[in-house]
Structures are given as C-alpha cells and as structure tokens.
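Down below is the structure, laid out as structure tokens.
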Amino acid sequence: MAIASFCFVTSGLAALSGVTVGLYLGLEGEFSSVPVHAHLNLLGWVTMTLDGLYHRGIRREDYRLGWTQVGCAAMDFR
Ligand code: HEM
C-alpha cells in the first residue's frame with residue numbers, strides 16, 4: 001500500500017471515531033473523554049490528512065523513512 005493511501009484510510013477511521021466520541025460527549029454531557037476526542041480529531045484526522053497530502057506530493061527512491069514517520073504518527077494518536 002502507498003504511504004499516502006495508508007494516511008488517508010487511517011485519517012478517515014480516526015475522523016469517524018473522533019466525531020463519534022464528540023457526539024457521545026455532547027449528548028451524554030460526560031466530558032472525561034475530551035482528550036480522546038481531541039487527539040482522534042486533531043492528530044488522527046487533521047494531521048494524518050496533512051501527512052497524506054505531503055507524501056502524495058513527494059516522489060522518492062527509498063520509502064523507509066516515510067513509513068517510519070507515518071507509523072510513529074499513527075501510533076501517537078491512538
Ligand atoms: C460532530 C462533531 C463534533 C462534536 C459533537 C464535538 C463535541 C465536542 C464536545 C462536547 C467537546 C467538549 C467541550 C467542553 O469541554 O466543554 C469537544 C471538545 C473538543 N473538540 Fe470537538 N466535537 C466535534 C468535532 C470536532 C472536530 C472535527 C475537531 C477537530 C478537528 C474537534 C476538536 C475538539 C477539541 C480540540 C476539543 C477540546 C477543547 C478543549 O479542551 O477546550 N471536535 N468537542
């Protein structure tokens with residue numbers, strides 16, 4: 001799988017989860033999970049989308065460093 005596709009799929013899953021947690025927070029009035037919501041949306045959705053756009057625009061010979069960056073980013077927001 002291309003790095004950019006991995007970023008976009010991951011960002012979509014994070015957006016879905018983040019917004020679901022946000023709806024739960026709002027509807028239940030239970031705010032202890034605000035950090036989970038914020039991280040899923042900002043690091044998961046927004047940052048992974050930006051990473052994906054960057055990696056889609058970059059052509060390189062060796063993808064190992066790119067996968068390392070994206071792998072660390074994916075582990076950071078979960
Ligand atoms: C259906 C969509 C969403 C709902 C229902 C929702 C709901 C909420 C709720 C209820 C809170 C807690 C507010 C409070 O502590 O008083 C919150 C906080 C937050 N939301 Fe959302 N949210 C949504 C989408 C988003 C998106 C798309 C982002 C970012 C891209 C985002 C980023 C944040 C952040 C950073 C906070 C923490 C704010 C703070 O601690 O002051 N939310 N959200």
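In this text, all values refer to a predicted model and were calculated from it rather than measured experimentally. In each ligand, atom 1 is the first atom listed, and ligand 1 is the first ligand listed.
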Inventory of protein N or O atoms under 3.5 Å from ligand 1 N or O:
residue  : atom   : partner : partner atom : Å
ligand 1 : 20 (N) : His37   : NE2          : 2.9
ligand 1 : 22 (N) : His37   : NE2          : 2.8
ligand 1 : 42 (N) : His37   : NE2          : 2.8
ligand 1 : 42 (N) : Asn41   : ND2          : 3.4
ligand 1 : 43 (N) : His37   : NE2          : 2.8

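Using a 4.5 Å cut-off on side-chain heavy atoms (C-beta onward), Ser33 and Leu25 make contact. The side-chain heavy atoms of Thr47 and Leu42, taken from C-beta on, include no pair separated by under 4.5 Å. Using a 4.5 Å cut-off on side-chain heavy atoms (C-beta onward), Val19 and Asn41 make contact.
Interatomic distance, CD1 of Ile58 versus CG of Leu53, reported as 12.0 Å (0.5 Å rounding).
Counting only N and O atoms by type, the side chains of His55 and Asp51 include no donor and acceptor under 3.5 Å apart.
Applying the side-chain hydrogen bond (donor to acceptor under 3.5 Å, both in side chains) test to Glu28 and every residue at least two apart in sequence or in another chain returns nothing.
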